[in-house]
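Everything numeric in this text was worked out from a predicted model, so none of it was measured. Chain identifiers are assigned alphabetically (A, B, ...) following the order of the sequence lines, protein sequences preceding nucleic acid strands; residue numbering begins at 1 within each chain.
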Amino acid sequence: MYDLKFVREHAGELRRAVEQKREHADLDAILADEERRRALLAEVEKLKAERNRTSQEIGRRKAAGEDVSASVAAMRELGERIRELDDQLRTIEGEIHERLQWVPNIPHPSVPVGDESANAVVRAWGTPREEEGLRNHLEIGEALGILALTPAAQMSGSGFIGFTGLGARLERALINYMLDLHGVAGYREMRVPYATRSAALFGCGQLPKLAEDMYRLEGEDLFLIPTAEVPLTNFYRGVIWNEEELPVNLVAYSPCFRREAGAHGKQTHGLIRLHQFDKVELVKIVTPERSYEELERLTADAEQVLQSLGLPYRVLLLASGDLSFASAKCYDLELWAPGSARWLEVSSCSNFEDFQARRIGLRYRGSDGKLHLVHTLNGSGVALPRLTVALLEHYQQADGTVRVPEPLRPYLGGIAALRAE
RNA sequence: GGAGAGGUGUCCGAGUGGUUGAAGGAGCUCGCCUCGAAAGCGAGUGGGCCCAUCGGGUCCCGGGGGUUCGAAUCCCCCCCUCUCCGCCA
């Protein structure tokens, strides 16, 4: 979220951003209200200055035993006027705030302008398998007895899945593997709440826009997190970092809960789109000068998961129209799933610049001694179900087993292949 | 869930209606002193917003309302922390 001064000074850019991101923010209304707000503010502050001055005087004169009833009466009247103006001010500030919440972050100049079709493949890694007759993950999973779609659907509905036996162990292995990998790369492992208040979600930009996409606990101001980004980015709310303490690199595993409202009928079967899925998430809190450099590192760190597991992928630079509300620049990592013959998004690595920092109030004290907003970044490192899909499909073997990539074996009791139990 | 205590600046801590944005101490910065350091001495040391050239004004003592000429101080609601009881994986 932007502050009003910024909006005043960068109205043109913001208008362009709203258009490019296909958001619906009324900048003209904000600017008009802002004019009125400032006029009102100047007036009411003048009156308050008078009240403060006179009230002090009343105190002094009263102590001296003078009759102050005339002044008190005058101030009572002034108080009424102030109250009126304050009410007007509060109303208009409420309107401005409401509208301001819907102003998206401005895309970075390096972001291609356009819709999805303008997304750019910036690099690709690995060699996709192209043989005929490769099975898809559902077929593989069923043959191995590691997936449990029906039981989960029966107790929880579509969009929920279970894993059994080796499948469950595979998920746990992947989580542990990724946490360890990122730990070595310098990320601090965190354990976070899986439900947060609305303020935390607002801070990351999930609210107000995505309210319908989240699960809310009945009767409480608590939402199941759609991503560990929320508790991680909010974790150090209120602390003021020293410049030399940055960057702060955090990693956490969490389940993620998404209603996926409106997504029905679209890729709803299997592991591709779920109401609950597991994810390892990376968050960086950095100084502004370094945030774009850190975005490249963050992306590279997420890629390292895929490379070390030997899975072919490509990196997309998202176009403005595909960029999320709070993001200034974002790379998507897509794994190739040869049995399904499609690319699967397993990670989005974003720089939010100071958009979230302003909402949450994340600041650092610079070498100049002053407070500045940090920049925040996050990226999946990576999402589990789709990683599992790509892994099963990529490492399937003619005998029906699935080869386990070397680095993962220590996490699976040393076995070299998944086979039916 | 019940009862009580409390939330003040970077930190500790005073302050229960009036020149308190906030005593005192610690820390930090600068200066003096010193060969240098420590100690000592002196000065400085919050943030947001509005107007403005220096500067001025306003708001902020967990958050939000209210009472009052005037609130960190009184009232209401909420959040958090601590202690005791209850319950519990």
Using nucleotides 13-17 of chain B, report all nitrogen or oxygen pairs with the protein that are shorter than 3.5 Å.
none

Polar-atom pairs under 3.5 Å, protein N or O versus N or O of nucleotides 26-28 of chain B: list them with distances, or write none.
none

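- Backbone-only engagement by Arg83(A) is indicated by non-hydrogen atom pairs under 4.0 Å involving sugar-phosphate atoms exclusively.
- Between Glu77(A) atom CD and U68(B) atom P there is a gap of 15 Å when expressed in whole angstrom units.
- Across the protein-nucleic acid pair, Gln56(A) atom CD and A22(B) atom C1' stand 14 Å apart, rounded to whole Å.
- Listed pair Arg60(A) / U19(B) fails the phosphate criterion, with no side-chain N or O lying under 4.0 Å from OP1 or OP2.
- Annotation: U45(B) and A37(B) have their P atoms spaced 25 Å apart (nearest Å).
- Between Tyr364(A) and His372(A), the two ring planes are tilted [angle within 30° to 60°].
- Ring centers of Phe352(A) and His375(A): at least 6.0 Å apart, outside the cut-off.
- Residue Phe202(A) contributes atom CZ, which lies 18 Å from atom P of G63(B) at whole-angstrom precision.
- Rounded to whole angstrom, the span from the CD atom of Glu50(A) across to the P atom of U58(B) amounts to 11 Å.
- One P atom belongs to C75(B), the other to G18(B), and the distance between them is 16 Å to the nearest Å.
- Aromatic ring centroids of Tyr313(A) and Trp343(A) lie 6.0 Å or more apart.
- With a 6.0 Å cutoff to the six-membered ring centre and a 45° limit on the axis angle, Arg358(A) does not count as a cation-pi contact of Tyr2(A).
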Can you list the steps and then say if Phe325(A) with Trp102(A) is a ring pair (Phe, Tyr, Trp, His ring centres under 6.0 Å)?
CA-CA 9 Å; Phe325(A) 179 75; Trp102(A) 297 87; 7.2 Å; no

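- Heavy-atom distances under 4.0 Å link RNA chain B to Val72(A) of residues 65-74 of chain A, given in residue order.
- Listed for the Asp322(A) side chain is no donor-acceptor partner under 3.5 Å among the backbone atoms of Leu318(A).
- If you check every strand for non-hydrogen atoms under 4.0 Å, Arg358(A) touches nothing.
- Atom-to-atom, CG of Leu85(A) to C1' of U58(B) comes out at 14 Å; the value is rounded to the nearest Å.
- Listed for the Asp301(A) side chain is no donor-acceptor partner under 3.5 Å among the backbone atoms of Ala185(A).
- Between the C1' atom of C59(B) and the CG atom of Leu47(A) lies a distance of 15 Å, rounded to the nearest Å.
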What pairs of nitrogen or oxygen atoms, one from the protein and one from nucleotides 70-74 of chain B, lie under 3.5 Å apart?
unit_1, atom_1, unit_2, atom_2, d
G70(B), OP1, Arg51(A), NH1, 3.4
G70(B), O4', Ser55(A), OG, 3.2

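- The pair Arg37(A)-Asp33(A) fails the salt-bridge criterion, with no side-chain N (NZ, NE, NH1 or NH2) lying under 4.0 Å from an Asp/Glu carboxylate O.
- A71(B) and C60(B) have their C1' atoms separated by 13 Å, given to the nearest Å.
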Give the C-alpha distance, both sets of side-chain angles, the deciding distance and a yes or no for salt bridge (Lys or Arg N to Asp or Glu O under 4.0 Å) between Arg16(A) and Glu19(A).
CA-CA 5 Å; Arg16(A) 218 156 30 243; Glu19(A) 197 180 314; over 6 Å; no

Which atom pairs link the protein and nucleotides 46-53 of chain B when you take only N or O atoms and keep those under 3.5 Å?
unit_1, atom_1, unit_2, atom_2, d
C50(B), OP1, Arg8(A), NH2, 2.3
C51(B), OP1, Arg38(A), NH1, 2.5

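- Between Glu34(A) and Arg99(A) there is no salt bridge, since no side-chain N of the basic residue sits under 4.0 Å from a carboxylate O of the acidic one.
- Atoms CD (Glu80(A)) and C1' (U67(B)) sit 13 Å apart, rounded to a whole Å.
- Taking 4.0 Å as the cut-off between side-chain N and carboxylate O, Lys21(A) and Glu23(A) do not count as a salt-bridged pair.
- The line from CZ of Arg83(A) to CG of Leu78(A) is 11.5 Å long, rounded to the nearest 0.5 Å.
- Rounded to a whole angstrom, the distance from the P atom of G21(B) to that of G70(B) is 15 Å.
- For Ala49(A) and Ile58(A), each mapped to the nucleotide of RNA chain B holding its nearest heavy atom, the one lying further toward the 5' end belongs to Ala49(A).
- Using a cutoff of 4.0 Å between basic side-chain nitrogens and carboxylate oxygens, Lys48(A) and Glu45(A) are not scored as salt-bridged.
- A salt bridge is defined here as a Lys NZ or Arg NE, NH1 or NH2 lying under 4.0 Å from an Asp or Glu carboxylate O, and Glu57(A) with Arg53(A) fails to meet this definition.
- One finds no salt bridge joining Asp67(A) and Arg61(A) here, because no Lys/Arg side-chain nitrogen approaches an Asp/Glu carboxylate oxygen to under 4.0 Å.
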Between His275(A) and Phe257(A), does the ring pair (Phe, Tyr, Trp, His ring centres under 6.0 Å) criterion hold? Intermediate values first, please.
CA-CA 5 Å; His275(A) 288 313; Phe257(A) 302 91; over 10 Å; no

Which dot-bracket string describes RNA chain B (Watson-Crick N1-N3 plus N6-O4 or O6-N4, or G-U N1-O2 and O6-N3, all under 3.5 Å; [ ] crossing; | other strand)?
((((((((.[[[..)..(.....]]]((((((.......))))))((((((...)))))).[[[[[..)....]]]]])))))))....

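- One atom, CG of Asp86(A), and another, C1' of C60(B), lie 14 Å apart when rounded to the nearest Å.
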